[in-house]
Amino acid sequence: MNLLQDGGPLFMYTILLCLIVCIALIFKAFLKGDGNGKTRKLIKHVSLFALIWGFLGFMIGMIGALDAIAVVNDIATPVLASGLKIGMLSPTFGMVAFLIARLGLIGLTLKEK
């Protein structure tokens, strides 16, 4: 089961790219420092984008799912449950990316003092 494909490739791969950028920026800040705070701000913005992008993917997916449910009079509970599970992948991955970036920012703050 490929979670990146199941959660919606557009949303999941964008969040993955944001996560990679955040990790690279965190390593850069640890190794070279961040005197003017520009790197920290960029990490904050990219991680917040990943979080919101994941929730946008969820909302768009749920709107499509609810439209499909409205057309069909009777839907099986397992089908609904698996659809909800798939829909929750992008916001969950967005939250993971956000938390990893925030942990990096905490580490950078601790390193400073």
Side-chain angles (χ1 to χ4, degrees):
M1 173 176 194
N2 187 355
L3 296 178
L4 289 175
Q5 291 294 329
D6 290 344
L10 173 66
F11 293 98
M12 296 295 278
Y13 284 110
T14 304
I15 295 169
L16 179 62
L17 179 64
C18 289
L19 177 61
I20 291 169
V21 167
C22 285
I23 291 172
L25 289 171
I26 289 166
F27 278 121
K28 177 188 171 256
F30 266 113
L31 296 176
K32 295 184 180 179
D34 184 28
N36 59 3
K38 200 172 185 182
T39 303
R40 285 180 191 224
K41 287 181 183 176
L42 189 56
I43 293 168
K44 289 177 184 178
H45 291 307
V46 172
S47 67
L48 186 60
F49 176 82
L51 179 66
I52 299 303
W53 188 252
F55 280 104
L56 178 66
F58 173 71
M59 295 308 247
I60 290 172
M62 285 300 106
I63 289 170
L66 292 173
D67 283 342
I69 290 170
V71 171
V72 179
N73 289 336
D74 187 28
I75 187 162
T77 306
V79 172
L80 181 62
S82 73
L84 287 173
K85 183 188 95 175
I86 295 296
M88 294 303 291
L89 289 175
S90 64
T92 302
F93 192 38
M95 285 186 267
V96 167
F98 182 79
L99 289 174
I100 289 172
R102 290 299 164 149
L103 285 172
L105 288 171
I106 290 169
L108 287 171
T109 303
L110 291 174
K111 180 188 171 213
E112 251 182 30
K113 297 182 179 195

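Contact record, Val46 with Cys22: CG1-SG, 3.5 Å, taken as the closest heavy-atom pair. Contact detail for Gly104 and Phe30: the closest heavy-atom pair is O-CE1, 4.2 Å. Considering all non-hydrogen atoms of both residues, Met12 and Leu3 come closest at CE-O, 3.6 Å. Contact record, Thr39 with Leu25: CG2-O, 3.6 Å, taken as the closest heavy-atom pair. In this structure, Phe98 and Ser47 approach most closely via the heavy-atom pair CD1-O, 3.5 Å.
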Q.
Test side-chain contact (heavy atoms from CB on, under 4.5 Å) on Met62 and Leu84; report intermediate values, then the result.
A. CA-CA 8 Å; Met62 285 300 106; Leu84 287 173; 3.6 Å; yes
Q | Test side-chain contact (heavy atoms from CB on, under 4.5 Å) applied to Leu108 and Asp34, step by step | A | CA-CA 9 Å; Leu108 287 171; Asp34 184 28; 5.9 Å; no
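Counting heavy atoms from C-beta outward, Cys18 and Trp53 have side chains that stay 4.5 Å or more apart. Residues Leu19 and Phe93 have side chains in contact (heavy-atom distance under 4.5 Å, counting atoms from C-beta outward). Residues Thr109 and Arg40 form a side-chain contact, since some pair of their non-hydrogen atoms from C-beta on lies under 4.5 Å apart. You'll find the side chain of Leu89 reaches within 4.5 Å of the side chain of Asp6, heavy atoms only. Side chains of Gln5 and Tyr13 form a contact here, defined as non-hydrogen atoms less than 4.5 Å apart.
Hydrophobic clustering of Ile, Leu, Val, Met, Phe, Trp and Tyr side chains at less than 4.5 Å, counting indirect connections, keeps Ile15 apart from Met95. No single ILVMFWY cluster, assembled from side-chain heavy atoms under 4.5 Å apart, contains both Phe11 and Ile52.
Ser90 contributes a side-chain N or O that, together with a main-chain N or O of Gly54, makes up a donor-acceptor pair within less than 3.5 Å.
With rounding to the nearest 0.5 Å, the separation of CG in Leu4 from CG in Leu16 is 6.0 Å.
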